[in-house]
Amino acid sequence: MQFGIFTVSDITEDPTTGETLSEAEKIRNTITIAKHAEEVGLDVFALGEHHNPPFWSSSPTTTLAYIAAQTERLIMSTATTLITTNDPVKIAEDFAMLQHVSGGRADLMLGRGNTGPVYPWFGQDIRQGLPLAIENYNLLHRLWREDVVDWEGTFRSPLQGFTSTPRPLDGVAPFVWHGSIRTPEIAEQAAYYGDGFFANNIFWPKEHYQRLVTLYRQRFAHYGHGTPEQAIVGLGGQVFMSGKSQDAVNQFRPYFDNAPVYGHGPSLEDFSEMTPLTVGSPQQVIDRYAAMRETFGDYQRQLFLIDHAGLPLKTVLEQLDILGGEVVPVLRTELAKDRAADAPDAPTHANLVAKAGGARQARPNPNRGDNLTGSSPYQDTPAKAGSAFGTAATKTVA
C-alpha cells in the first residue's frame, strides 16, 4: 500500500491566535510539509486545485514540480484536478511534463470539484458537469495513448492531426484516479477505463463510500479488467493525534469548530462518530484505519488530511512525525496481514511500464508541426494503444 497526505490548500485564520497567513507564507509552508512527508517515510503528497480565495493552489503541477525537484521518493499527485473546467489538452501536456521532471513520480486524481462558480469562470455550464467529465476524459485518455489524434466533441473545438507533447514518460500515461464524494457515474467511469477510484471518505459515514467502492469494483470486473478484488481503490482520511486522547481533542477542538468546511455545524464528537475523522491517540487512529479493510476490502492508497483549518506549521509537522513514526508503520503491517494474493500493488510508474511490456522512448522526426502527413511524427514505433490499462484507445464512454 501507499500512504500519504493531501492538502486542500486553504488559508484559514488560526482561531487560537487570530493570525491569518499570507499566500506566500502558506505556499512555503506547504512545500515544507511535503518535504517532511518524505522525511518521515510517507509515499504520496497530493495537492488540490482551487481558483478562489481562501485557497491558493490554482496551478498544482507548478508546485508539484518544485517539490519533486527537492525530493527523491515522494509521489506527486493531486487531490483534485478539475476535468470539467480544464482543457484536457493542457492536462495532457502538464502532467506528462510533470512525469518527466519527477522521473515518473507523478499521477493525478480527476474530479469535478466542489466550487460551483468555477464553471462560468472557465466558460462552462455546471449543468453539463457530468457530460464534461465524460467527454473531456475520453479525449485526455486518447491524447496520452495516440501519437496523432483526430477528435470532435461537444465542449471544445475539434482536433485534427494533433500531437500532445511531450509524450508520456516511457510511453506510459500517468496513472489516473477518479475521485468522487457522491457520484456513481464517476465510479462507473473509473471502472470503464480500468483506472483507480478514490473515495474521499472524510465527510460522510464510511458506509456511504462503501456503496460507491462496491459499485466501482463490480463494474471494473464487468468491463473485463479483472476480478472485483483486483480493482484499484484509494481512500481519504482525517486525523489529529496526541499521546493522550483528551489532549488531542482539546487541542483540535477550536480548529474544528471554526473550519470553513464543517465549522459551526455538528460537534467534534458527533462528527467523529459519523465520519472517519479520528481525533485521539495514535493507537486509536491505527485501530480505526486498520479496520477500513473490513468495509472496503484490500485497497491500494490511504491519504490523510492533516494541515487545514488554520493549523500552524509546527503542529502539522508534529502530526507528520506521529503519522510517519508511530501510525503508518503499524498500518503497513496490519493491512499486509492476510492480504489477498491477487490484490494488486499500488500503482507506480515502474509497475505500469512493466505491465506495458517495457519503456518506449519517443523520438520525434522533423515535421511541419501539424502532423497531417504521415502516420506518426515519431521515429520509433508507437506503443500499443492502451497497453498500460488493457483498454483500447478508441473506446468511448456512452
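Only this structure's heavy atoms are used, side chains among them; waters, hydrogens and symmetry mates stay out. Because the structure is a prediction, the values reported are computed rather than measured.
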Please determine whether residues Val249 and Leu305 belong to a single hydrophobic cluster, defined as Ile, Leu, Val, Met, Phe, Trp and Tyr linked transitively by side-chain heavy-atom distances below 4.5 Å. yes

Any Lys/Arg nitrogen of [X] or [Y] sitting under 4.0 Å from an Asp/Glu carboxylate oxygen of the other?
X: Asp43; Y: Arg105; value: no
X: Lys314; Y: Glu318; value: yes
X: Glu146; Y: Arg167; value: no
X: Arg360; Y: Asp170; value: no
X: Lys26; Y: Glu23; value: no
X: Arg339; Y: Asp345; value: no

CG on Asn29 to CG on Leu313, rounded to 0.5 Å: 4.5 Å

Report the distance from atom OG1 of Thr30 to atom OH of Tyr66, rounding to the nearest 0.5 Å. 12.5 Å

Candidate list Asp147, Val148, Leu139, Val89, test side-chain contact (heavy atoms from CB on, under 4.5 Å), partner Phe162, passing option: Val89

State whether a side-chain donor-acceptor pair under 3.5 Å links His178 with Asp195. yes

State whether a side-chain donor-acceptor pair under 3.5 Å links Gln251 with Asp247. no

Check the angle between the aromatic planes of [X] and [Y] and answer parallel, tilted or perpendicular using the 30° and 60° thresholds.
X: His225; Y: Tyr223; value: tilted
X: Tyr137; Y: His141; value: perpendicular
X: Tyr289; Y: Phe304; value: perpendicular

Okay, side chain of [X], backbone of [Y]: is any donor-acceptor separation there less than 3.5 Å?
X: Arg219; Y: Ala187; value: no
X: Asn86; Y: Leu82; value: yes
X: Thr183; Y: Ile181; value: no
X: Gln230; Y: Thr227; value: yes
X: Glu135; Y: Phe155; value: yes

Please find the pair of heavy atoms, one from [X] and one from [Y], that lie closest to each other, and give the distance.
X: Trp177; Y: Pro347; result: CZ2-CG, 3.8 Å
X: Ala231; Y: Tyr216; result: CB-CE2, 3.4 Å
X: Gly179; Y: Ile186; result: O-CG2, 3.8 Å

Output, in order, the C-alpha distance, side-chain angles, deciding distance and verdict of side chain to side chain donor-acceptor pair (under 3.5 Å) for Thr16 and Tyr255. CA-CA 8 Å; Thr16 67; Tyr255 297 97; 3.2 Å; yes

